[in-house]
There are 2 protein chains.
Amino acid sequence: MVEDVVRTLGFLCLGSRLRRIGERLQADTQQVIDEAGLGIQAGQYPFLAAIDRAGPLTIGELAQAVGITQPGATRTIGQLLELGFVDMQPAPDDQRRRLVSLSDKGRELVDHSKATIWPRVAAAVADLCGDLDGPILEQLAAIEDGLAALPLLRRSTVTGPHALSAAQ
Amino acid sequence: MVEDVVRTLGFLCLGSRLRRIGERLQADTQQVIDEAGLGIQAGQYPFLAAIDRAGPLTIGELAQAVGITQPGATRTIGQLLELGFVDMQPAPDDQRRRLVSLSDKGRELVDHSKATIWPRVAAAVADLCGDLDGPILEQLAAIEDGLAALPLLRRSTVTGPHALSAAQ
DNA sequence: GCTAGATATATAACATGTTATATAACGTTC
DNA sequence: GAACGTTATATAACATGTTATATATCTAGC
C-alpha cells in the first residue's frame, strides 16, 4: 500500500488536499444530479442559485458570487445559455454590462432542484460531515477570511534566519 | 457587494468551496515558492516528497500517493523529467512499469526545500489555521474516509418520498 | 507453447480553473 | 467635443484535473 503523502504532509499540502477533496465531492454530487437526470453540471448550480437569490446579475457579479475569475464565469454562463437555462441581455444603462437572468426553463429547474436535489445533496453532505470534531463550514470561512486578510507570503512564524536566496 | 453564494449555501456547495479554497492556497503557496526562485510548481512538490520518502516509485504508485488519476501523474512526471528533477527507468522485472527516482538535481532541491521552503509554507498554513475551532487536518481525513466508505449517492437522510423521476 | 484477460503506461480529448490580451463602452478631464 | 484612463466582457492560451482509448507487457489457463 502506497503512503498518501498529501495526507501525511498535513499543512504543507493543504491546498492540494482541499482541491482533491473538493473534486471528489463535486464528482459525488454530480452522480446524484445525473441519477436525477437533470442534465446539468454540479459546477453550474451556484450560478443558477446566485441568480435565483439576487435576480439578474452581470458576468462580473456572477464571478464574484461564485468566487472564480471573470473568464471562467463567461464560459459557464455561455454553457447555461446553450442549455437554455438562462437569458442574457445588455444592461439598459451600460452596454458593456450584460444581465443574466433565469429563463422559464431555468426557473423550472431551480424550483424543482430546490424541492428535490438540493435538499438531498445538502443532507448527504451534512451526514458526511456529521461526526466531525468541529464546525467545518465556519472553519472554512475563517480560512478564506484569513487568507484574504493576510496572504501566506506575509505569514511567517519560522524563527531563525530566512533562507530566501535562490536555490542553485 | 455581491453575496458569496458558495459560502451562503454551505453543505450544498461544499465541493466547489473546497476546490476554491484549495486553488487559492495553492496559488499562495506558489507565491512563496516563486519568491524563493525554485522554478517548481506547488502541485509538483508532493511527487518529489513521495519519492523522497519511499524511494523509487512507479507511475501508478505516484498517482496513488498524490491522490490523482494515472494520466495526471504521467503528465506531471513528464514535466519533472524535463526539468531534470527526476530520472526514470523501466523496472528490471516488469517492462510495463517505470520507476521514477530523484535525480541529483532533484535530491538537491528536496534537501534544500526541506530545510527552507517546506517549513516556511507549513508554518504559514499552520498559522492561518491556528485559530480554527477544531483540528482541520483530522476533519479532512474524516471526510475523505467517509466519502471512501459511503459515497454521497448512497447517503440519504431526507425523509419523505424521493423525487427521483427526471425533471421535465 | 499459445491465447486471452489483466495490468501499466501513454496519448487523445474534454472540463474547468487561471492569466494575458483584445475589444467595446463609459466617464472624467482638459 | 476629444482624448485618455477605467471598466466590462470575450477570446486565446495555458495548467491540471478527468475519462476514454491505444499500446505494450505479463501471467494464467488450456
Side-chain angles (χ1 to χ4, degrees), chain A residues 2 6 15-31 33-34 40-47 56-64 66-83 86 88-100, chain B residues 2 6 15-31 33-34 40-47 56-64 66-83 86 88-100:
Chain A
V2 181
V6 167
S16 298
R17 190 150 182 221
L18 291 172
R19 274 191 73 193
R20 184 171 90 177
I21 300 176
E23 284 185 21
R24 285 178 191 160
L25 255 185
Q26 271 191 319
D28 271 42
T29 303
Q30 191 61 53
Q31 284 188 319
I33 294 165
D34 288 345
I40 191 167
Q41 301 302 313
Q44 290 168 334
Y45 259 141
F47 289 83
L57 292 170
T58 67
I59 299 284
E61 288 167 338
L62 282 161
Q64 274 189 283
V66 175
I68 63 172
T69 60
Q70 168 264 317
T74 296
R75 179 193 281 132
T76 303
I77 291 303
Q79 290 164 345
L80 289 170
L81 267 173
E82 277 195 29
L83 290 166
V86 298
M88 183 159 69
Q89 56 269 338
D93 58 331
D94 188 336
Q95 280 180 318
R96 289 175 295 182
R97 292 154 80 247
R98 311 284 188 79
L99 282 173
V100 183
Chain B
V2 181
V6 167
S16 298
R17 191 147 182 222
L18 290 172
R19 275 192 72 194
R20 184 172 90 177
I21 300 176
E23 284 186 20
R24 284 178 192 161
L25 255 185
Q26 272 190 321
D28 271 43
T29 304
Q30 190 61 53
Q31 283 188 320
I33 294 165
D34 289 345
I40 191 167
Q41 301 300 315
Q44 290 167 336
Y45 258 141
F47 290 82
L57 293 170
T58 66
I59 297 285
E61 287 167 339
L62 282 162
Q64 274 189 284
V66 175
I68 62 172
T69 61
Q70 168 264 318
T74 297
R75 179 193 281 132
T76 303
I77 291 303
Q79 290 165 346
L80 289 170
L81 267 173
E82 277 195 29
L83 289 165
V86 299
M88 183 158 69
Q89 56 267 339
D93 59 330
D94 187 336
Q95 281 180 316
R96 290 174 296 182
R97 292 153 81 246
R98 311 285 188 79
L99 282 172
V100 184

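Residue numbering restarts at 1 for every chain, and letters A, B, ... go by the order of the sequence lines.
- Atom-to-atom, CD of Gln95(A) to C1' of dA8(D) comes out at 12 Å; the value is rounded to the nearest Å.
- The side chain of Thr69(B) contributes an N or O atom lying less than 4.0 Å from OP1 or OP2 of dT18(D).
- In this structure, the side chain of Glu23(A) does not engage the main chain of Ser16(B) through any donor-acceptor pair within 3.5 Å.
- Looking at Arg75(B), its side chain comes within 3.5 Å of the base of dG17(D) through a donor and an acceptor atom.
- Not a single donor-acceptor pair under 3.5 Å links the side chain of Gln89(B) to the backbone N or O of Val100(B).
- Close to dT9(D), at under 4.0 Å from its OP1 or OP2, lies no side-chain N or O of Thr74(A).
- Contacts of Asp94(A) classified as side chain to side chain contact (heavy atoms under 4.5 Å, CB included), with partners at least two apart in sequence or in another chain: Arg96(A), Arg97(A).
- Applying the 4.0 Å criterion to OP1 and OP2 of dT18(C), one finds that Gln30(B) has every side-chain N and O outside that range.
- An OP1 or OP2 oxygen of dT16(D) is reached within less than 4.0 angstrom by no side-chain nitrogen or oxygen of Gln26(B).
- Put simply, the side chain of Gln26(A) never gets that close to the backbone of Gly15(B): no donor and acceptor are under 3.5 Å apart.
- When rounded to the nearest whole Å, the span between CD of Glu82(A) and P of dA10(D) equals 13 Å.
- Side-chain atoms of Arg96(A) and base atoms of dT7(D) include a donor and an acceptor less than 3.5 Å apart.
- Between Gln31(B) atom CD and dT18(C) atom P the separation is 14 Å, expressed in whole Å.
- What separates CZ of Arg20(A) from P of dT16(D) is a distance of 17 Å, to the nearest Å.
- Neither OP1 nor OP2 of dA24(C) sits under 4.0 Å from any side-chain N or O of Arg97(A).
- When the nucleotides dG17(C), dT25(D), dT9(C) are ranked by their closest atom to the side chain of Arg19(B), dG17(C) comes out on top.
- Among the atoms of the strands shown, only primed sugar atoms or phosphate atoms (P, OP1, OP2) are found under 4.0 Å from some heavy atom of Gly60(A).
- One atom, CZ of Phe47(A), and another, C1' of dG17(C), lie 11 Å apart when rounded to the nearest Å.
- In this entry the distance linking CG of Leu99(B) with C1' of dA8(C) reads 12 Å, nearest Å.
- With hydrogens and angles ignored, a donor-acceptor pair closer than 3.5 Å exists between the side chain of Gln70(A) and the base of dA10(D).
- In this structure, the nucleotide among dT19(D), dT16(D), dT18(C) sitting nearest to the side chain of Pro71(A) is dT18(C).
- Out of dG17(C), dA25(C), dT16(D), the shortest distance to the side chain of Glu23(B) is found at dG17(C).
- Of the candidate nucleotides dA25(C), dT25(D), dA10(D), dA25(C) has the atom nearest to the side chain of Asp94(A).
- For Leu18(B) and dG17(D), the CG to C1' distance is 16 Å, given to the nearest whole Å.
- A side-chain donor-acceptor contact under 3.5 Å links Gln30(B) to the backbone of Ala42(B).
- The nearest whole Å value for the distance from the CD1 atom in Ile77(B) to the P atom in dG17(D) is 12 Å.
- With values rounded to the nearest 0.5 angstrom, Arg24(B) atom CZ is found 4.5 Å from Arg20(B) atom CZ.
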